[in-house]
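What follows is one structure encoded as structure tokens, with my remarks underneath.
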Amino acid sequence: MAAGRGTRLGADRPKALVPLGRGPDAAPLVTHALRGVLSCPDLSDVVVVAPPDRMPELTAAVDLTGVELTSAGAGQVQVTVVAGGAERSDSVAAGLAALPPGVGIVLVHDAARALTPPAVFERVVEAVRHGHSAVVPALPVTDTIKMVDARDHVVSTPDRNALRAVQTPQGFLRETLERAHHEAGGSVTDDAGLVESLGDAVFVVPGDPRSRKITDAEDLAVVESWLSATPARGATPVLLVLGGLPGTGKTTLARAWARSRRAAHVRVDTIEVALQRAGADQVGPQGYAAAYALAADQLALGLDVVADSVNPLPVTRAAWREVASASGATVLEVELTCAATEHRERVEGRTADIVGHQVPDWSGVQAADYVPWTDADVALDTTDVDVSDLLAHVEQALAAVPEVGKPTAP
Ligand SMILES: Nc1ccn([C@@H]2O[C@H](COP(=O)(O)OP(=O)(O)OP(=O)(O)O)[C@@H](O)[C@H]2O)c(=O)n1
Ligand SMILES: C[C@](O)(CO)[C@H](O)COP(=O)(O)O
């Protein structure tokens, strides 16, 4: 939603076009917000709702995300810019009307929440997928909140433990949101409010303080200061080196981390299958050699890289460390494991997601030539753990790594 005028911010242009950040990272609010949107898992369509008199400028701001757009869904993400309405709900209705058939889950997000972290998008999508037809991210409130009357007399003090400050993106089954917009009227300040007024349930997931809505000049200054404190893109890149037997969750984590950082995902399975399809009889170390070279190219551009391979031997692990060291990248090595029962279920239940990939069966996994990793920086047991929690572990470990090289021993 980017069609607001930004009256309370008082800038010389609509709020979505106000620049945020300095130097090469400076971009309109809506561009920053779109970068978060593009981290959404399995994204197919984005509708940007713009002030009707500023469509060309909004389209140009969208175009600034060109590279991320191409990489977000392998070129599959369709972006449309449409004119908004006088009220926020009119703008949401215009956006909904522009959605193509086939879209089942809809997220409504404020451009004004320009720095919403990818993990929030993931939590909302996950909750809708798990059966909640309306989902809002929210934070507990820290102030005591009073209800007041028109003459500023306190009417009541709601129990703070039951209060939440609600953010966006708000996620819905499409039919729920469309029904709410058609059937519910009246003044609500968010889309979940329309769903509530129909008597439908709305589920709450944790929000994030970085999702602060830029409403006035103070909000803009605070969010600007967060951006200045974040290292500029092009600073020391990170090589996240994963390892673990097939079916331990490497690719799921790699994709989530790559989305959240807009990093490159170098997957040895993809390379090996491509080599086989191109006629290579036996692919041995060639797949890994190609992966090291591809990763080095991305790191040289300053891009973070996640290396997704079984990484079974001391020699493959040493080679990944060498790639990091030669590129001046910060490296974090993570070994993934999974308890036998769930591991077996995953292996036996999975189908190939790369055309031509022969996924190993359980006996193949058990017989794999895999040397347990004794000195990985992080050991992650993925049994029954949500990918957002795995991501949080990785980010926490990365925060403790000195800018270049391995973590220092405690
Ligand atoms: N007619 C409107 C009004 C608001 N919004 C969007 O809804 C989000 C939340 O609104 P708010 O922060 O209040 O933005 P503005 O309406 O622009 O601000 P103000 O009320 O100060 O004018 C913003 O991303 C805004 O662009 C919209 O798309 N169409
Ligand atoms: C949707 C919203 O961001 C949830 O907090 C909020 O209600 C938008 O309100 P605004 O008055 O349009 O800023």
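Counting convention: from 1, in listed order, for ligands and their atoms alike. Here, residue 1 is the first one in the sequence, and each next residue gets the next number.
- Between the side chain of S211 and the backbone N or O of R113, no donor-acceptor pair lies under 3.5 Å.
- The line from CD of E57 to CZ of R13 is 9.5 Å long, rounded to the nearest 0.5 Å.
- Here is the list of ligand 2 atoms found below 4.0 Å of a heavy atom in T168: 1 (C), 3 (O).
- Distance from atom 10 (P) of ligand 2 to its nearest protein heavy atom, with residue and atom name: K213 NZ, 3.8 Å.
- Remark: ligand 2 atoms within the under-4.0 Å shell around heavy atoms of V166 are 4 (C), 5 (O).
- The shortest N/O to N/O separation between D190 and ligand 2 does not fall below 3.5 Å.
- Ligand-side atoms of ligand 2 in range of R113: 2 (C), 3 (O), 4 (C), 5 (O), range being under 4.0 angstrom from any heavy atom.
- Taking the centre and axis of the six-membered ring of F121, the NZ or CZ atom of R35 falls outside the cone set by 45° and 6.0 Å.
- A cation-pi contact, defined as under 6.0 Å to the ring centre and within 45° of the axis, is absent between R210 and W226.
- The aromatic rings of W320 and Y292 stand perpendicular to each other, their planes meeting at an angle above 60°, with 30° marking the opposite boundary.
- With hydrogens and angles disregarded, a donor-acceptor distance shorter than 3.5 Å links the side chain of T382 to the backbone of T337.
- Residue contacts with ligand 2, taken as heavy atom pairs separated by less than 4.0 Å, do not involve H109 at all.
- Using a distance-only test at 3.5 Å, with no hydrogens or angles considered, a donor-acceptor pair links the side chain of R174 to the main chain of V103.
- A salt bridge does not link D42 to R255: none of the charged side-chain nitrogens sits closer than 4.0 Å to a carboxylate oxygen.
- Within the listing of ligand 2, atoms 1 (C), 2 (C), 3 (O) sit less than 4.0 angstrom from a heavy atom of D110.
- Donor-acceptor pairing under 3.5 Å is lacking for the side chains of R346 and T252.
- Under 4.0 angstrom from ligand 2, the non-hydrogen atoms of T189 come from both its backbone and its side chain.
- Closer than 4.0 angstrom to ligand 1 sit non-hydrogen atoms from M1, A2, A3, G4, R5, G6, T7, R8, K15, G85, A86, E87, R88, S91, D110, A111, A112, K213.
- With respect to the salt-bridge test (charged N to carboxylate O, under 4.0 angstrom), the residues D190 and R88 do not qualify.
- Which of R88, M1, R8 comes nearest to atom 11 (O) of ligand 2 through a heavy atom is settled by distance: it is R8.
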